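In what follows, a single structure is set out as structure tokens and then discussed.
Quick caveat: nothing in here was measured; it's all calculated off a predicted structure.
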Amino acid sequence: QLQLVESGGGLVQAGGSLRLSCAASGINLKINHMGWYRQAPGKERELVAAISIGEEIAYTDSVKGRFTISRDNAKNTLYLQINSLKPEDTAIYYCAACYGVISECVPLTHWGQGTQVTVSS
């Protein structure tokens, strides 16, 4: 089965940067869609960025211009470069993936365990 493992989270001051990584293993089909969700304390989980195997990309409005999603298919790895961090970015960030077409991948169907991002004022 597909396994997703996130890394790269940590405690960062506002204005700083982090690069999150998601390593995928156990792949027997091409992953058409991947993305990053986050869940802040007391809030619902939200999709912040997604990327297709053809590198079509979408971001939620609150992260546009600050977050950059990318994927390295040869390394089976997904990335999220996070710049200009704000305290409201504090959340657990989850990697997710889906083998299907877009209509089958909202929400994404396979999930990692998450990595904590904490932004101090």
Linking directly or through intermediates, with side-chain heavy atoms under 4.5 Å: list the remaining ILVMFWY members grouped with Y79, chain and number order. none

Tracing side-chain links under 4.5 Å among I, L, V, M, F, W and Y, which residues wind up in one group with V101? none

Could you tell me the separation between the [atom1] atom of [X] and the [atom2] atom of [Y], rounded to the nearest 0.5 Å?
| X | Y | atom1 | atom2 | answer |
| --- | --- | --- | --- | --- |
| E104 | C98 | CD | SG | 7.0 Å |
| N73 | I31 | CG | CD1 | 8.5 Å |
| H33 | T109 | NE2 | OG1 | 10.0 Å |
| I92 | T115 | CD1 | OG1 | 9.0 Å |

Atom pairs and distances, donor-acceptor, side-chain atoms in residues 9-22, under 3.5 Å, two or more places apart:
| unit_1 | atom_1 | unit_2 | atom_2 | d |
| --- | --- | --- | --- | --- |
| S17 | OG | N83 | OD1 | 2.9 |

Any residue meeting side-chain contact (heavy atoms from CB on, under 4.5 Å) with Q39, in chain and number order, not counting sequence neighbours: R45, Y94

Which side-chain N or O atoms in residues 58-65 pair as donor and acceptor under 3.5 Å with protein atoms at least two apart or in another chain?
| unit_1 | atom_1 | unit_2 | atom_2 | d |
| --- | --- | --- | --- | --- |
| Y59 | OH | I69 | N | 2.9 |
| D61 | OD1 | K64 | NZ | 3.2 |
| S62 | OG | R38 | NH2 | 3.4 |

Distance-only, no hydrogens or angles: does the [X] side chain make a donor-acceptor pair with backbone N or O of [Y] under 3.5 Å?
| X | Y | result |
| --- | --- | --- |
| N32 | I53 | no |
| E6 | C95 | yes |
| T118 | T90 | no |

Pairs where residues 34-55 contributes a residue and the test ring pair (Phe, Tyr, Trp, His ring centres under 6.0 Å) is met, not counting sequence neighbours: Y37-W111

Parallel, tilted or perpendicular: rings of Y93 and F67 (30°, 60°): tilted

Is it true that [X] and [Y] fall in one hydrophobic cluster, defined by side-chain heavy atoms closer than 4.5 Å?
| X | Y | result |
| --- | --- | --- |
| I82 | V48 | yes |
| L78 | I57 | yes |
| M34 | Y99 | yes |

Closest contact, heavy atoms only, L2 versus A24: CD1-CB, 4.0 Å

If you look at every heavy atom in I51 and R71, which pair is closest and at what distance? O-NH1, 3.5 Å

